[in-house]
Amino acid sequence: MRAPTPTPAKRSPVWRASEDERARWGSRGGVGGQLDETATEDVLTALKSSPEMARRSPRQQKPIIAAVRVILVWLASHPGDGWQARWECANPDDTLHWIESITRDDPRSLNAKRRVFIDALGCLMLIRFILPSHRLLRTLSSPVLYGKARATFQPDLFALAEQNAQRLQIRKPLRVNALNTLTAIVLHCGRNLDELTFDDFMNLRHAIGRPGGQTRGSISTGWDLVRGIAKIPDAPFHTMRMRGQLSTGEIVDSINLSCRPIRDVIVRYLDERRPALDYSTFSTLARVLAAFWADIEAHHPGTDSLHLPNDVAEAWRQRTRTVVRPDGTVRERLAVLNIFVPVRAFYLDIAAWALEDPSWAPWAVPSPVRRSDTGGYMKNKRQVTARMHQRIRDRLPHLTRLSDSVADHLSQQADLLAAGQSAGYEETFEHIGIRYRRLALRVDEIGPARRTVKEPVKVEIVATAERLDLSHLEDEAFWTWAIVETLRHTGVRVEELLELTQLAIVSHRLPDTGEVIPLLQIVPSKTNQERLLVVTPELASVLASVVSRLRAIGGGSIPLVARHDAHERAWGPPLPHLFQRNRDYRSKVIIAGMVNQLLARAWDRMGVCNAAGEPIKVTAHDFRRMFATEMVTGGLPIHIAAKILGHNRLVTTQGYTAVFDEELIRSYRAFLDGRRSVRPAEEYREPTNAEWTEFQQHFQTRKLELGDCGRPYATPCSHEHACFSEQEF
């Protein structure tokens, strides 16, 4: 089985650690604690004088000191330059199995020994004799240890962190988890709260196995609690994790290339192209070219020239035409031209540049992609357009139904939430034939607004015992409705939708009538063109509802939130974004993935299927195509539709309009009616059962030796072979 062809990886906009960063973040404790090179007796002296031991009676201290002596003797038997190195050598897996192995002669029960030695280990952590790994701390998961650590390591700083939690109105469960996270970082790194750095938080993130994915819970919250206390920037943690635009060299080097001269010429070529491209397009091009040469090196080691022999070029083209799945199966690559065209352009551009700049001349060689290899580009484009048109034909007839469905769903969820809010705790109520019981909230759940209400409403369905968060369901229904209505009335791209702010709602007074027209300002996005859309009464109602909801959350004004542009990998300034949701104690702009999730759930609730009986799936961009189709079929000139959509060329708009060509249909039907009017009426009578049976029998039994008989029905056979049926054999 051949090796798979390297393909451009899908890159997340979050931080991608270098090897040095991964090694640093993956360390298990590093240089050791304050007593790393202290003699055994001095360690015991420091332990006895520690604040933790001072809080214990002599009787309570005795088993702890005895256990620590055993641990020190055990560690001294292992190699290492200090106690930390010996600890990591003695317990490389960060488990607690060592307790049983070093206490075999202890007559106490295993549980009793474990309690004592875990307590002794905690005391050693509190004097920073051992810097535990995050894995060990997660194994211990001891709130008691965390509480003692906060009381030992500058408790005034932890008090400030708690004050920040109260200022941010963070509910108790999240606050406790965040404080425990901060305590774990302090225990692990051996520094106090005001000395923590960005690397300390990334160390924990790497340790819990989420180096490039989404951060949930206590890490980002803990970061917010120590902003202004620790040595970290005064910015949210997720903004610090988002790496900005990578340099050309960093993108190319993410796909390791062996031949340095080839790597350098690819980087130089890309640097020439970069100013004219947006970052998303540029990074895709860079990875395609790097993956092209990585495939050459993988299958033809030692190749050090762009001038590929014919057999090498042909082998690469054949590999590129297919994709090898992880299970080893091979399928045809649908978008092979997305690789052939950039590679051919790479070679042709260098050849053209060599005419003006001789330094490119050594690299001006024939392209491995022939002109004929890209000959099907327009055909492929037409096929894609045809598929998109059929996609819109399947969805557009259901658009009005979708609008009604999301509005009804919002109304139902709002009514259910109101019924739940009016019910008392543990009280049973009925809504649309279903009995619910409102659940009493724990004391730690009662707090500030999590999303859209002052207090979350949780219920249980009496019949099934299923638990629901009505506040969350109503909030999700509202934003689904707002997204659907805004997309269907504007046709904006999903990134343009998420960039909308309160400042985008402007007005224009007509000079002749004085009428004020509300407008929606679409900021430059894909085509870098600003445009204005007329706000219809339906859209105005939606935007007013969004603004009212956000003002209720923000205490009279829309919260200012920064938005991350995933295409340009850049953070925008804090603005009153319209499509933001309040989660826990902070607001965030909705991301494109969540928009598509909400739309998918809305279509699933309708249960709509296509002609093949398959469930219809939809994305935000489908609404843009449906909007364009409705405009053009409704009589709007296509050049005006292009301006509204923000297209530079009419051809682009024509590709967006799924043709329900009513003029074509009407003309062809008129032709059929005219042809039928001059034919004998008896030709259009309904056939009898006998005639229909005879007609079908003709195609089942009248055959020739070579293929089916193609003679007209009910006419003599003109072929030299006699017709036969299966019964004649």
Side-chain angles (χ1 to χ4, degrees), residues 28-30 32-80 82-153 155 158 176 179-190 207:
R28 297 181 63 253
Q34 298 173 348
L35 305 176
D36 195 50
E37 298 180 359
T38 306
T40 300
E41 292 303 322
D42 293 335
V43 172
L44 292 173
T45 301
L47 176 66
K48 294 175 183 178
S49 59
S50 66
E52 173 58 25
M53 295 299 286
R55 289 189 285 267
R56 299 173 184 248
S57 65
R59 182 179 177 183
Q60 294 172 327
Q61 294 180 13
K62 185 176 180 180
I64 299 299
I65 295 174
V68 168
R69 286 186 181 275
V70 175
I71 293 175
L72 293 176
V73 171
W74 170 61
L75 292 179
S77 65
H78 290 82
W83 292 112
Q84 183 71 25
R86 299 186 190 108
W87 165 256
E88 294 180 0
C89 178
N91 188 27
D93 297 328
D94 294 319
T95 65
L96 298 175
H97 300 315
W98 54 271
I99 296 177
E100 184 177 3
S101 64
I102 68 175
T103 59
R104 297 186 185 279
D105 298 333
D106 194 324
R108 292 174 294 182
S109 66
L110 179 59
N111 288 337
K113 291 185 290 186
R114 284 175 65 91
R115 285 196 299 270
V116 172
F117 276 82
I118 290 176
D119 195 5
L121 182 63
C123 291
L124 290 175
M125 294 179 188
L126 294 177
I127 62 172
R128 287 179 171 158
F129 171 76
I130 291 175
L131 300 183
S133 68
H134 285 300
R135 182 179 178 182
L136 178 61
L137 290 171
R138 289 168 66 85
T139 300
L140 294 174
S141 185
S142 174
V144 175
L145 174 62
Y146 292 154
K148 293 177 179 178
R150 288 194 287 272
T152 301
F153 303 128
F158 281 100
V176 170
L179 289 173
N180 287 341
T181 294
L182 293 174
T183 309
I185 295 176
V186 167
L187 288 170
H188 170 78
C189 69

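Just so it is clear, the values below take in all heavy atoms, side chains as well, and ignore hydrogens, waters and symmetry mates.
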* Give the intermediate values and the outcome of side-chain contact (heavy atoms from CB on, under 4.5 Å) for residues Leu96 and Leu140. => CA-CA 9 Å; Leu96 298 175; Leu140 294 174; 4.0 Å; yes

* To do: Just do the side-chain contact (heavy atoms from CB on, under 4.5 Å) check on Leu137 and Met125 with the steps written out, would you?
  => CA-CA 11 Å; Leu137 290 171; Met125 294 179 188; 4.3 Å; yes

* **Working for side chain to side chain donor-acceptor pair (under 3.5 Å), residues Asn91 and Arg86** => CA-CA 8 Å; Asn91 188 27; Arg86 299 186 190 108; over 6 Å; no

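From Ile130, atom CD1 reaches atom SG of Cys123 across 11.5 Å, with rounding to the nearest 0.5 Å. In this structure, CZ in Arg138 is found 12.0 Å from CG in Asp94, a value given to the nearest 0.5 Å. Taking CZ of Phe129 as the start and CG of Asp36 as the end, the distance is 8.0 Å to the nearest 0.5 Å. For the atom pair CD (Glu100) and CD1 (Ile102), the distance works out to 11.0 Å, reported to the nearest 0.5 Å. We find the CZ-CD1 distance between Arg114 and Ile99 to be 5.5 Å, quoted to the nearest 0.5 Å. Phe117 contributes atom CZ, which lies 7.0 Å from atom CH2 of Trp98 (distance to the nearest 0.5 angstrom).
At least one donor-acceptor pair under 3.5 Å links the side chain of Trp83 to the backbone N or O of Thr38. Side chain of Lys148 to main chain of Leu126: no donor-acceptor pair is present (N/O by atom type, distance under 3.5 Å, no hydrogens or angles). Here the side chain of Ser133 pairs a donor or acceptor atom with the backbone of Leu136 at under 3.5 angstrom. Under the 3.5 Å distance criterion, the side-chain polar atoms of Asp93 are left unmatched by any main-chain donor or acceptor of Thr95.
Across all their heavy atoms, Gln61 and Arg56 have their closest contact at NE2-O, 3.1 Å. Nearest approach of His134 to Ala207, heavy atoms of both residues: CB-CB, 3.7 Å. Here the closest non-hydrogen pair linking Leu179 and Arg150 is O-NH1, 3.5 Å. Leu124 approaches Ile71 most closely through the heavy-atom pair CD1-CG2, 4.2 Å. Nearest heavy-atom pair, Leu131 versus Gly190, reported as atom, atom and distance to 0.1 Å: CD2-CA, 3.7 Å. Smallest separation of non-hydrogen atoms from Pro132 and His188: O-ND1, 2.8 Å.
Side chains of Val68 and Leu121 form no contact here, defined as non-hydrogen atoms less than 4.5 Å apart. Looking at Phe153 and Thr183, their side chains never come closer than 4.5 Å, going by heavy atoms from C-beta outward. Using a 4.5 Å heavy-atom threshold, the side chains of Leu72 and Leu44 count as touching. Counting heavy atoms from C-beta on, the side chains of Ser101 and Arg104 come closer than 4.5 Å. For the pair Val186/Arg128, a side-chain contact is recorded, criterion being any heavy-atom separation below 4.5 Å from C-beta on. No side-chain heavy atom of Thr181 sits less than 4.5 Å from a side-chain heavy atom of Tyr146. When side chains are defined from C-beta on, Met53 does not count as touching Lys48, because their heavy atoms never get closer than 4.5 Å.
Surrounding CD of Gln60 are more than 12 heavy atoms belonging to other residues, nucleotides or ligands, all under 6.0 Å away.
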